[in-house]
Amino acid sequence: MEQRHLGRTGLRVSRIGLGTLTWGRDTDEHDAADMLKAFWEAGGTLVDTADVYGDGEAEYLLGQLIDGLVPRRDLVISTKAGSVPDPDRRHDGSRGHLLAALDASLARLGTDHVDLWHVHAYDPATPLEETLQALDLAVSSGRARYAGVSNFCGWQLAKAATWQLAAPGARTRLAGTQVEYSLLQRGVEREVLPAALDLGVGLLPSSPLGRGVLTGKYRHTTPADSRGASDHLAPFVEPYLDDTATRIVDAVTTAADGLAVTPLQVALAWVRDRPGVAAPIVGARNAQQLTAALSVEALSLPDEICRALDDVSAPVHRYPDHDWSTL
């Protein structure tokens with residue numbers, strides 16, 4: 001699998017990442033092992049997790065598979081901290097919480113460092129410089145090799161990345177930002193993507209298949225074994241089952257038929273090759289789904305197909321994103 005630099009750093013990652021959102025909950029140890037081995041054998045390196053996935057079980061399960069199944073040195077392990085199960089405070093970006101969470105993640109993963117550590121979300125109750133100092137301390141102590149953020153909007157990303165760049169050598173530049181990005185969710189193109197490109201921050205798209213909808217599986221019904229039929233994940237899928245999404249999925253299916261490939265391959269290739277993207281994170285539930293996603297490696301979409309998909313999925317961005325004199 002092709003390797004790409006993450007942002008303006010020396011860190012190289014496989015251009016498809018393996019997500020572990022369902023590990024330890026919907027994905028058991030056997031399926032997880034099959035996926036990790038298939039991913040590694042295909043040349044994949046970037047494995048993404050978080051301290052809240054499966055209440056820590058995803059990290060623990062990944063830790064059990066490292067070395068016994070796949071060499072630790074062959075993986076780029078990415079995890080996150082900052083999301084908390086508190087209805088009154090969903091995010092805790094305090095230095096104390098983040099560093100304690102990182103230590104707990106390392107214990108579950110059974111490693112002395114992670115290759116990439118993200119702040120899971122912006123915490124408005126904590127000064128941003130305090131949150132970012134936790135990233136600096138994690139890197140300077142060797143517990144993390146690179147640092148990033150996740151789910152930051154445009155101004156938050158720009159402020160964080162600029163703050164880190166203001167003291168080169170003393171602060172750790174942001175390597176990447178993980179955000180939802182797909183043909184069904186192009187909101188990042190308004191401000192996040194321009195900020196990331198300008199500041200040298202690599203994009204790691206989550207839900208690159210539109211929460212599974214872009215595979216076409218929901219065109220006529222909701223499969224019984226799908227996330228859309230799951231009690232805890234159905235609300236996650238439902239927003240992408242509207243008329244707008246249907247129009248985009250139909251266009252993806254038409255393109256796939258014309259290229260003799262699958263809608264999954266078309267949708268994943270589109271986001272993989274967008275400007276600024278380092279590696280979409282694919283959250284497969286089993287090895288069969290993952291193998292289908294990894295088959296996109298040899299596919300590059302023709303320019304005319306990309307333009308057609310751009311047009312059918314184009315978000316409405318007007319003032320002030322375009323020259324005001326043309327509006």
Side-chain angles (χ1 to χ4, degrees), residues 13-23 25-27 35 39 44 46-50 52-54 58 78-80 82-83 90 116 118 120-122 148-154 157 176-190 192-193 196 202-219 222-223 225-230 232-242 244-246 248-249 251-252 262-274 276-286 289-290 292-294 296 309 313 315:
V13 298
S14 53
R15 65 174 181 168
I16 296 293
L18 173 61
T20 63
L21 174 65
T22 62
W23 286 26
R25 184 179 61 188
D26 303 315
T27 300
M35 283 194 287
F39 183 66
L46 177 62
V47 182
D48 180 75
T49 189
V52 292
Y53 291 175
S78 165
T79 194
K80 312 176 202 70
S83 289
R90 295 181 56 201
L116 179 61
H118 292 92
H120 209 156
Y122 183 83
V149 295
S150 176
N151 298 308
F152 275 38
C153 70
L157 173 63
T177 179
Q178 190 171 144
V179 286
E180 185 171 353
Y181 188 19
S182 73
L183 279 162
L184 297 184
Q185 179 52 271
R186 294 177 61 184
V188 297
E189 294 177 6
R190 180 177 176 90
V192 173
L193 180 55
L203 252 68
L204 297 170
S206 59
S207 297
L209 296 174
R211 307 181 183 184
V213 175
L214 286 166
T215 64
K217 70 172 68 175
Y218 298 103
R219 291 184 77 197
T222 299
D225 63 345
S226 68
R227 294 178 182 179
S230 164
H232 58 277
L233 287 176
F236 183 63
V237 176
E238 193 274 333
Y240 291 163
L241 299 178
D242 60 9
T244 299
T246 297
I248 296 170
V249 172
V252 169
T262 66
L264 179 154
Q265 290 173 307
V266 169
L268 190 55
W270 179 89
V271 71
R272 180 199 65 196
D273 295 333
R274 298 296 286 177
V277 169
I281 308 297
V282 176
R285 286 185 294 112
N286 53 52
Q289 288 185 348
L290 179 61
L294 295 177
V296 77
L309 294 175
S313 64

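Excluded from the calculations below are hydrogen atoms, water molecules and symmetry mates; all remaining heavy atoms, backbone and side chain alike, are included. Given the structure is predicted, the values throughout are model-derived calculations rather than measurements.
V13 places none of its side-chain heavy atoms less than 4.5 Å from the side chain of L116. Between R211 and E180, the closest side-chain pair of non-hydrogen atoms falls below 4.5 Å. The shortest side-chain heavy-atom distance between L214 and I248 falls under the 4.5 Å cut-off. Looking at F39 and V282, their side chains never come closer than 4.5 Å, going by heavy atoms from C-beta outward. At a threshold of 4.5 Å between non-hydrogen side-chain atoms, the residues V188 and T177 do not count as touching. The closest side-chain heavy-atom distance from R274 to L193 is not below 4.5 Å. Side-chain contact between S207 and Q185: absent, with no pair of heavy atoms (C-beta onward) separated by less than 4.5 Å. When side chains are defined from C-beta on, R15 counts as touching D273, because their heavy atoms get closer than 4.5 Å.
The nearest pair of heavy atoms linking S14 to A279 is O-CB, 3.1 Å. Closest of all the heavy-atom pairs between D48 and T20 is O-OG1, 2.9 Å. Residue V271 comes nearest to Y181 through the heavy atom pair CG2-O, 3.6 Å, listed as atom of the first residue, atom of the second, then distance. For P235 against P239, the heavy-atom pair with the smallest separation is O-CD, 3.2 Å. The two atoms that bring Q265 and V296 nearest to each other are O-CG2, 3.3 Å, heavy atoms only. Of all heavy-atom pairs spanning V179 and N151, the tightest one is CG1-N, 4.1 Å.
Going from atom CH2 of W23 over to atom CG of L18 covers 5.5 Å, rounded to the nearest 0.5 Å. For the atom pair R285 CZ and L290 CG, the distance stands at 12.5 Å (nearest 0.5 Å). We find the NE2-OG1 distance between H120 and T79 to be 8.5 Å, quoted to the nearest 0.5 Å.
Among D242, L183, V237, the one residue that satisfies the side chain to side chain contact (heavy atoms under 4.5 Å, CB included) test with V213 is V237.
In this structure, R90 places its CZ atom where only 12 or fewer heavy-atom neighbours from other residues, nucleotides or ligands lie under 6.0 Å away.
For the residue pair H118 / S150, no side-chain donor-acceptor distance below 3.5 Å is found, with atom types taken as modelled.
Considering only residues two or more places apart in sequence or on other chains, T215 meets the side-chain contact (heavy atoms from CB on, under 4.5 Å) condition with L209, K217, L264. Every side chain to side chain donor-acceptor pair (under 3.5 Å) that D26 has, sequence neighbours left out, goes to H232.
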